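To start, the structure under review is shown below, and the notes come after it.
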There are 2 protein chains.
Amino acid sequence: MSIPTERPLRADARRNRERVLEGARAVFAEHGRDAQMDDVARKAGVGVGTVYRHFPTKEALVSALAVSLFEQVLASARRALEIDDPWEAFTTALWAGVEVLASDRAFTEIIGQAEMPFDTDLMAEMNDAYMQLVQRAKDSGDLRPDIVLDDIPMFTCGIGMATVKPHMCQAAWRRHLAIIIDGLRATNASGPLPS
Amino acid sequence: MSIPTERPLRADARRNRERVLEGARAVFAEHGRDAQMDDVARKAGVGVGTVYRHFPTKEALVSALAVSLFEQVLASARRALEIDDPWEAFTTALWAGVEVLASDRAFTEIIGQAEMPFDTDLMAEMNDAYMQLVQRAKDSGDLRPDIVLDDIPMFTCGIGMATVKPHMCQAAWRRHLAIIIDGLRATNASGPLPS
DNA sequence: GAGGAAATGGAGGTGGAGTTCCGGTTTCGC
DNA sequence: GCGAAACCGGAACTCCACCTCCATTTCCTC
């Protein structure tokens, strides 16, 4: 019953897999989810068949990319957790996380969906990290106490979605986030949040 | 060179046109832009051919709906302009406008695009109304002065996009907007907005 | 280097969504 | 009422994007 360890990829296969990922990242970041597989292949300098050999489905390819970006966001959250000041830690994580979102159209579209195509462990670790950031910022009295964890992806996703509008200045997301961060401060709350 | 006044629609055509619009509103509000024309027809209790007789293209149908919702938002902004207190006028307009957005997935997707398929007059009137709301709220010292007009659709669009996630509580947009409004108050600004 | 397994590429199959077309039906002016 | 014109319905067509297939090439093992 031992799981047969997968034989290592051949050299050319490994190289091409990397090229596909690279091309896909570029194409999906620019055109969002509905970029086309043929364009990915062309960008990667590879045939469509090769793309499909490495990723059986468009969805699988998109997921692979999303996982990678998700890990980036998680890493930035963990780095922020090392900051002593709770409010600075919290806002630092937001700035870093949103920067990833704002740079990639497809990623924002994906996390804006109901079902994430990820392994749940990653999600759980993500929740953990952000839960700590939120709780610490609440405990210190900096973050308004009626914020819940689910509010955070709502904000960040909103910023991402609003920023990918093609005609929009690329730096606009910074203004957007700055406003939200000011709105999140406990001292700035004009009243309790609804429901 | 007189433009031939269009003959009035026949009774059944007028009735069906209305049914198509009604069905389309429902279907697009729920499924967003990529709802299907066949579904619109079915919802309207009408053949696809009839849909295409009244709206030559899917895009045309979507635009017609969007104009109607846009007019709703404009009307709510004008109503808000009659409120004396500048800050209350401004926030009232936001609450009303976002409520329309949050209820309609396709509409949010459309205004999140580069080119709006509208007649420009409507856009200009919209700009006028919001410009006044923004300026008055700045002049009274309530709204932070470094906000520009273009920031407003960015915020509202972000809220709309973040809210149409199917799994999300329908009232979440209120929390989102409440945070942003608190962030927009001049007294709550922690620093100047970037660029 | 030879044999064979793995990987490649891109022409074409497949399916689904937008649009067209036209025989049949409904409405309106006379 | 009657004829003509407008309108309706939905089967069929088109087009485009995802995906498959296999002859050919590349790489690894012995």
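If you're wondering where the values come from, they're calculated on a predicted model, not measured in any experiment. Naming: A, B, ... by sequence-line order, numbering from 1 per chain.
Taking the side chain of B/Met37 as heavy atoms from C-beta on, and the options D/dC18, C/dT19, D/dC8, the nearest nucleotide is C/dT19. Each of C/dT8, D/dC7, D/dC28 was ranked by its minimum atom distance to the side chain of A/Arg53; first place goes to C/dT8. Distances from the side chain of A/Val46 to the nucleotides C/dT19, D/dA6, C/dG9 place C/dG9 closest.
Straight-line distance from the CG atom of B/Asp38 to the P atom of C/dG15: 18 Å, rounded to whole Å. Protein atom CZ of A/Arg14 is 11 Å distant from nucleotide atom C1' of D/dC27, rounded to whole Å. In this structure, A/Asp12 atom CG and C/dA6 atom C1' are separated by 8 Å, rounded to whole Å. Here the P atom of nucleotide D/dA17 and the OH atom of A/Tyr52 are 12 Å apart, to the nearest Å. Atom CG in B/Asp34 sits roughly 15 Å away from atom P in D/dA17 (whole-Å rounding). One atom, CG of B/Asp39, and another, P of C/dA17, lie 8 Å apart when rounded to the nearest Å. Atoms CD (B/Gln36) and C1' (C/dG15) sit 12 Å apart, rounded to a whole Å. Distance CG (B/Leu9) to P (C/dG29): 13 Å, rounded to an integer number of Å.
Contacts of B/Arg42 with the nucleic acid, taken as non-hydrogen atoms under 4.0 Å apart, are absent. A/Ala44 comes within contact range of no nucleotide atom at all, as no heavy-atom separation falls under 4.0 Å.
Heavy-atom distances to DNA chain C give each of B/Val48 and A/Gly47 a nearest nucleotide, and the one nearer the 5′ end belongs to A/Gly47. Of the residues near DNA chain C, B/Ala11 and B/Arg33, the one whose nearest nucleotide (by heavy atom distance) lies more toward the 5' end is B/Arg33.
Here the shortest heavy-atom pairing between B/Met126 and B/Val73 reads CE-CG1, 3.0 Å. Contact detail for A/Arg175 and B/Ser195: the closest heavy-atom pair is NH1-O, 3.7 Å.
Contact annotation: A/Thr50 reaches the phosphate of C/dG9 (side-chain N/O to OP1 or OP2, under 4.0 Å). Phosphate contact (OP1/OP2 of C/dT8, side-chain N/O of A/Asn16, threshold under 4.0 Å): present. For D/dC7, the OP1/OP2 oxygens have no side-chain nitrogen or oxygen of B/His54 closer than 4.0 Å. Taking side-chain N and O atoms only, A/Thr57 has a distance below 4.0 Å to OP1 or OP2 of D/dC19.
Within 6.0 Å of atom NZ in B/Lys43, 12 or fewer heavy atoms from other residues, nucleotides or ligands are found, so the atom counts as exposed in its surroundings.
Hydrophobic cluster membership is shared by A/Leu133 and A/Met123, with clusters built from Ile, Leu, Val, Met, Phe, Trp and Tyr side chains linked at under 4.5 angstrom.
Not one N or O on the side chain of A/Glu109 forms a donor-acceptor pair closer than 3.5 Å with the backbone of A/Gly32.
Applying the 3.5 Å distance criterion, the base of C/dA6 shares a donor-acceptor pair with the side chain of A/Arg10.
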